Amino acid sequence: ATVLPRLGAKNFHHEHASVNLFDLLIDENNLKPSLKKYGLNDEHQHFIKELVLGSKKEADDIPGFQWVGQPADKMWLYDIVANKRNGIDVDKLDYFARDCHMLHLNCSFDAERLMRNARVINVERLRYDIISNSEIKMIASEICFNHKSAFDLYDFFHTRHSLYKRAYFHKVSSAVDLMVGEALYLANDHFTVPGKDGKPTKMSECHKDMHAYWRITEWIVKYIQHSTIPELKPSRDILDRLWKRDLFTCAGEILLDMEQALPGNALKPNEIVNQLNKLKKTIPSCDSIAEAEAEIEAMKVLGDDDIFATSFKLGYGMKGKNPVSDGTTFFLPSKDGSGKIEVGSVAQDSISRMIPKEYEEMYV
């Protein structure tokens, strides 16, 4: 995610790579006969790829891929792997539990309880219709949750925000990420892996060739570290700093007003660098006035290549929307005592007054 954009790979999506790797896995290992023994034909294989992509909009960016879809009573299957409506899927349930455990963080929501309180119910809402090629009101099945689980879902998304803020975008994690990315970026022109038919392929081209892409794993960092190729020395120097924990320094962090984060209003790169320069001069990291003056003097020789200005959004993962009230359908027993189920949304104010009013923030 850090390296490919710098190398010119625009609009790269790991879901697209997963679909292409799935095809390569089947073709290279001649798995179709084995899959057919278990009743999995070409239609099932195509459906697996649709589950990975999650929506037709995501699939439209893959050349030649035709979204087939499922009947209304099977639409809920798209909610399991990559839920584009509200982001509640097994992908997140898996990595939340894993990372909270490994990082010794409290995981406040109970995934099993959440699943026990889920039901497949037919719901009317705007959906994409393949035949008319437009969004129309349709009744289709989707995974809904008991209205008593609404607060649990806010815990679910709070856990997501907490992991990103406290772990994934922690200043040490960001420093390591930038250093590995810079080492790979500097090595790009001096290192290749075998692509299709053994063609030497740079890392910057690997996303176009799955035969090369699957080879881009952790061993490359070790290879650079232990190589004697002169051209790889700049990369080796950065990795040596990394092993010694001589990490890039966080000059400062700015929490933007959301007005600045809106498209067209965002700070330009030079404005970000200027703000970081000003911010660093105010950080009381020196033991004496002389050290502070020396550090300020050193700042004057820093160029654009000496400062990484990165921006990232943290939140509930639905582009600033409330995924619980805006994208999730809840059910509850009918009040008339008939035993029927009613479906709908749950108003935020009816759950708690302490639930956030904004669902995304942007840092530089």
Side-chain angles (χ1 to χ4, degrees), residues 1-14 161 163-191 202-204 206-207 216 218 220-222 224-225 231-258 260-286 291-292 294-315 360-364:
T2 302
V3 182
L4 284 175
R6 288 198 66 192
L7 295 174
K10 297 179 180 179
N11 300 319
F12 171 78
H13 298 274
H14 69 271
H161 176 260
L163 280 169
Y164 272 85
K165 187 175 179 63
R166 298 167 67 183
Y168 308 145
F169 286 119
H170 185 276
K171 65 179 182 180
V172 175
S173 301
S174 298
V176 172
D177 184 49
L178 285 169
M179 291 179 78
V180 173
E182 183 69 0
L184 295 178
Y185 173 77
L186 293 173
N188 181 63
D189 291 337
H190 314 291
F191 174 82
K202 294 181 180 180
M203 285 182 284
S204 56
C206 283
H207 64 289
I216 305 298
E218 291 86 350
I220 290 177
V221 174
K222 290 291 184 183
I224 295 171
Q225 182 189 6
E231 290 82 3
L232 291 179
K233 185 179 185 305
S235 295
R236 283 198 299 273
D237 290 343
I238 291 177
L239 294 177
D240 285 343
R241 285 185 58 183
L242 184 60
W243 308 136
K244 295 173 183 176
R245 204 173 171 81
D246 177 18
L247 304 179
F248 288 175
T249 301
C250 178
E253 184 180 86
I254 304 165
L255 175 59
L256 294 180
D257 294 332
M258 287 314 292
Q260 292 176 304
L262 292 173
N265 296 339
L267 292 173
K268 293 181 173 60
N270 62 323
E271 294 173 339
I272 293 172
V273 171
N274 289 336
Q275 286 211 31
L276 286 176
N277 284 341
K278 293 176 183 177
L279 187 61
K280 186 175 181 183
K281 292 175 184 178
T282 66
I283 296 175
S285 59
C286 303
E291 283 186 27
E295 186 161 325
I296 291 171
E297 189 65 29
M299 284 291 296
K300 295 178 181 178
V301 300
L302 290 179
D304 291 341
D305 293 337
D306 298 310
I307 298 176
F308 289 89
T310 59
S311 63
F312 51 89
K313 291 181 180 179
L314 299 180
E360 190 171 64
E361 56 189 7
M362 187 170 183
Y363 288 86
V364 174

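Computed over heavy atoms, backbone and side chain alike; hydrogens, waters and symmetry mates excluded. Because the structure is predicted, anything quoted here is derived from the model rather than measured. Start at 1 with the first residue, then count along the sequence.
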By salt bridge (charged side-chain N to carboxylate O under 4.0 Å, His left out), Lys233 pairs with (sequence neighbours left out) Asp237
Return yes when atom NE2 of His14 has more than 12 non-hydrogen atoms of other residues, nucleotides or ligands closer than 6.0 Å, and no otherwise. no
In chain order, what residues pass the side chain to side chain contact (heavy atoms under 4.5 Å, CB included) check against Phe312, with sequence neighbours excluded? Phe169, Leu314, Tyr363
ring-ring contact (aromatic ring centres under 6.0 Å, His included) filter on His190, not counting sequence neighbours, yields none
State whether the number of non-hydrogen atoms from other residues, nucleotides or ligands found under 6.0 Å of Phe191 atom CZ is greater than 12. yes
Excluding sequence neighbours, so at least two apart, what forms side-chain hydrogen bond (donor to acceptor under 3.5 Å, both in side chains) with His161? Glu361
Test of understanding: with side-chain hydrogen bond (donor to acceptor under 3.5 Å, both in side chains), list the residues that count as partners of Lys202, not counting sequence neighbours. Asp189
Roughly how far, to the nearest 0.5 Å, is the CG atom of Asp177 from the NE2 atom of His170? 14.0 Å
By side-chain hydrogen bond (donor to acceptor under 3.5 Å, both in side chains), Asp240 pairs with (sequence neighbours left out) none
Which residues satisfy the side chain to side chain contact (heavy atoms under 4.5 Å, CB included) test with Phe248, sequence neighbours excluded? Ala175, Leu178, Met179, Arg241, Phe308
Derivation and outcome, side chain to side chain contact (heavy atoms under 4.5 Å, CB included), residues Ile216 and His207: CA-CA 10 Å; Ile216 305 298; His207 64 289; over 6 Å; no
Only counting residues at least two apart or in another chain, list the ones meeting side chain to side chain contact (heavy atoms under 4.5 Å, CB included) with Ala187. Met203, Ile224, Leu232, Ser235
Which atoms form the tightest heavy-atom contact between Ser173 and Ala167, and what is the distance? OG-O, 2.7 Å
With sequence neighbours excluded, residues passing side-chain hydrogen bond (donor to acceptor under 3.5 Å, both in side chains) with Gln225: Trp243
